[in-house]
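Keep in mind that what you see is a predicted model, and the values were worked out from it rather than measured.
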Protein chains: 2
Amino acid sequence: MDAIESLGYIPSQTARIFKSGKSYILGLVISQSHISHIMFNAGFQAQFKALTEKAHKEGYNILLITSAEGDSESYFEVIKNQVADGFIIFSPSHNDGLTSLLEEAEIPYVFNMKYSDKPEDHYYVSSDDVEGGFIAGKYLLDLNHTDIRFLVGNVKGGYLPFNADRIKGFKKALDMYHVPFREEMIVKVQGQMNESYNGIHMLFQTERPTALMISNEITTVAALNYFTDNGYRVPRDVSVIGFGPSEFFRSLRPNLTNVSYDISWASAKLVDLLLQRIEGKPVTIEMPKKPELIIRDSTARNMAR
Amino acid sequence: MDAIESLGYIPSQTARIFKSGKSYILGLVISQSHISHIMFNAGFQAQFKALTEKAHKEGYNILLITSAEGDSESYFEVIKNQVADGFIIFSPSHNDGLTSLLEEAEIPYVFNMKYSDKPEDHYYVSSDDVEGGFIAGKYLLDLNHTDIRFLVGNVKGGYLPFNADRIKGFKKALDMYHVPFREEMIVKVQGQMNESYNGIHMLFQTERPTALMISNEITTVAALNYFTDNGYRVPRDVSVIGFGPSEFFRSLRPNLTNVSYDISWASAKLVDLLLQRIEGKPVTIEMPKKPELIIRDSTARNMAR
DNA sequence: CTGTTAGCGCCTTCAA
DNA sequence: TTGAAGGCGCTAACAG
């Protein structure tokens, strides 16, 4: 003990990890190109914060692993060359092949969200996005809106499963009120500020919907800015519903009506899920928590007809 | 090679690190309580993104290390138990003792910003904050404002060195125009949304400054929201200058006049500095880049007197 | 209860 | 050119 003190001996963590095979590191894998899109989104910030907090609580730290490319091979390449007990994967798209590569290599992993509809890929904690789309749509229909647009993220011309689910819920609501669904109700928009702004500009050049559902926080801010810049009043001229952390939407003016779910709960569950996989325990699949509609000041009854 | 392929052999990264003594990991140390305050600030997001990108470019990944407490001992405890080639330290306050502990243990580190005025602690990349405070103050004085308030972050009743520098620059501008400095011109405000909002509310209960300089992005948003909620028009009733990434201030309405500096350059330099220390090379101290005043729509000539 | 040692998996050095 | 072995620093197992 004297010697430790006087020599300033510090045990080598590297050797400890080497010997024990445990690093108490959770890798968060994200593609380099994706990181900018994600870093400025309120939902990701909340998820990231919650992930970090939960990991800390469980004695883990988060290693941010950046992959140059977003495809399965690059992801796998980067993952297998990393020291971590398990991986949380933020995928820019569907990444079909990745799961089998990881399974084969027996690397524990989870996804930050639903990327696939295959039941065997159930290594994520979902919110009930069908329900989310449904309650948003239903609320607008209740307010007498029928000319609704749902703005979703454009990923290589398509959209991610969680948006597919929200759309499904939206259609369900339309069905319930016997309002026919039209393809142009779904508007694919890039998630960054300028691209979103331009997308909304394009939309309002030719059309004049009375209500918007917006699946991305940055796009939501872009929309509000567009309305401010062009003299549209929210909610008098357009009603707007956002999807994401309720906290964030309270910092906007007007305070936004939004569909929100408990991201800090979901993030904690996701870490639990990963830790279970790391320890080789049987995995308990969580029922998705129902999202909630928080009604604030950006939605109003449609008086147009 | 056949065997590698057929057995699915993956070299152990842990063993490699153990053997080589290089992990290609950069630890980013942050206190648990601080993380929420920081995660939602546009400046940090930009810095974090830039750090990640630069690290990736240099072949490193970022390990997010969370310390429960923010004091020097806790930081050191957590740092020494981590596998990383060097550390980037986000300190919640001054952390006097930390540098000597790290020096003694010969652990390479840099700070994300200036925490100390001691020249021997020059392991950070600074912006020229004196200049930043000066150009903001001068511009407002040029616009005939004299009743200016500078809102800075409240850290245990005081403020951090970069804010002290900005205040110094502000005073310099006042001096130049022979406007006497008054203590109440400096307003210490908590950096979170609600606390900021309340702080601004308190300020405007008793006073009616014609211009605000705001050192924190969230506080800036809170101020704009307060003005919206209470019928103050920006810039007609109050002029506002923000400090932070210009990009961010362009997403606000009105577009904000702001003092901005090249955070992605600074972050890259910071990583370079850390890598130099890791490699034991002599350290090149960068001259701070001059911040720039970006004039937009939130500042107007004071007509009051 | 204290003290010694084997071995984790890699890489570099040295020998054949 | 190919092959064998030592040692990084720790910890767990085992011997005294």
Side-chain angles (χ1 to χ4, degrees), chain A residues 1-27 29 55-56 58-63 65-67 73-87 101-109 274-275 277-281, chain B residues 1-27 29 55-56 58-63 65-67 73-87 101-109 274-275 277-281:
Chain A
M1 283 302 169
D2 290 347
I4 286 178
E5 185 64 29
S6 63
L7 295 171
Y9 164 81
I10 296 174
S12 154
Q13 189 64 15
T14 313
R16 291 227 250 241
I17 292 177
F18 175 58
K19 169 76 205 218
S20 69
K22 281 279 303 179
S23 63
Y24 290 97
I25 291 175
L26 265 23
V29 195
H56 177 81
E58 301 290 336
Y60 285 76
N61 285 302
I62 300 271
L63 177 65
I65 302 165
T66 45
S67 162
E73 287 69 31
S74 309
Y75 263 50
F76 184 66
E77 196 60 33
V78 117
I79 286 172
K80 73 175 190 192
N81 286 315
Q82 231 39 70
V83 190
D85 297 336
F87 297 86
L101 286 169
L102 291 169
E103 291 291 352
E104 206 172 326
E106 293 181 11
I107 295 173
Y109 66 89
L274 181 54
L275 294 184
R277 297 202 69 194
I278 289 172
E279 289 159 20
K281 285 187 199 156
Chain B
M1 284 300 169
D2 291 348
I4 285 179
E5 185 63 30
S6 64
L7 295 170
Y9 163 81
I10 297 174
S12 153
Q13 189 64 13
T14 313
R16 290 228 250 242
I17 292 177
F18 175 60
K19 168 76 204 217
S20 69
K22 282 278 303 178
S23 63
Y24 290 95
I25 290 175
L26 265 23
V29 195
H56 177 80
E58 301 290 336
Y60 286 77
N61 285 303
I62 301 270
L63 177 65
I65 302 165
T66 45
S67 160
E73 287 70 32
S74 310
Y75 263 49
F76 184 65
E77 196 60 33
V78 118
I79 286 172
K80 73 175 190 190
N81 286 315
Q82 232 38 69
V83 190
D85 297 337
F87 297 86
L101 285 170
L102 291 169
E103 290 293 351
E104 206 172 327
E106 292 180 11
I107 296 173
Y109 66 89
L274 181 55
L275 293 184
R277 298 202 70 193
I278 289 171
E279 290 159 19
K281 284 188 198 156

- Query: If you look at every heavy atom in A:N81 and B:R16, which pair is closest and at what distance?
  - Reply: OD1-NH2, 4.2 Å
- Message: Tell me the closest heavy-atom pair linking A:I65 and A:G27, and the distance in Å.
- Response: CD1-CA, 3.8 Å
- How sharply is the helix from C:dC1-D:dG16 to C:dA16-D:dT1 bent, taking the axes over five pairs at either end and rounding to 10 degrees? 60°
- Task: Would you jot down, in residue-number order, the residues of residues 75-83 of chain A having a non-hydrogen atom under 4.0 Å from DNA chain C?
- Result: none
- Looking only at heavy atoms, which two atoms of B:Q13 and A:V83 are closest? And how far apart? CG-CG2, 3.8 Å
- Message: Quick check on B:E104: does its CD atom have over 12 non-hydrogen neighbours (other residues, nucleotides or ligands) under 6.0 Å away?
- Response: no
- Contact span of DNA chain D against chain B, any nucleotide atom under 4.0 Å from a heavy atom, 5' to 3', runs D:dG6 to D:dG9
- Message: Any non-hydrogen side-chain atom of B:Y109 less than 4.5 Å from a side-chain atom of B:I79?
- Response: no
- Item | A:F76/A:I107 under side-chain contact (heavy atoms from CB on, under 4.5 Å): CA gap, chis, key distance, verdict | CA-CA 10 Å; A:F76 184 66; A:I107 295 173; 4.2 Å; yes
With a cut-off of 3.5 Å and sequence neighbours excluded, list every side-chain donor-acceptor pair involving residues 4-11 of chain B.
{"unit_1": "B:S6", "atom_1": "OG", "unit_2": "B:D2", "atom_2": "O", "d": "3.2"}
{"unit_1": "B:S6", "atom_1": "OG", "unit_2": "B:A3", "atom_2": "O", "d": "3.3"}

- Task: Determine yes or no for a side-chain-to-main-chain donor-acceptor pair under 3.5 angstrom, with A:D85 supplying the side chain and A:L26 the backbone.
- Result: no
- Query: Is B:N61 reaching over with its side chain to a backbone N or O of A:T66, donor-acceptor style, under 3.5 angstrom?
  - Reply: yes
- Query: More than 12 heavy atoms of other residues, nucleotides or ligands under 6.0 Å from CD of A:E279: is that the case?
  - Reply: yes
For nucleotides 6-9 of chain C, which of its nitrogen or oxygen atoms have a protein nitrogen or oxygen under 3.5 Å away, and what is each distance?
{"unit_1": "C:dG7", "atom_1": "N2", "unit_2": "A:K19", "atom_2": "NZ", "d": "3.2"}

- Message: Please tell me whether B:E58 and B:Y24 have a donor and an acceptor in their side chains that are separated by less than 3.5 angstrom.
- Response: no
- Note on the structure: Sequence neighbours excluded, the answer for side-chain hydrogen bond (donor to acceptor under 3.5 Å, both in side chains) partners of A:S74 is A:D71
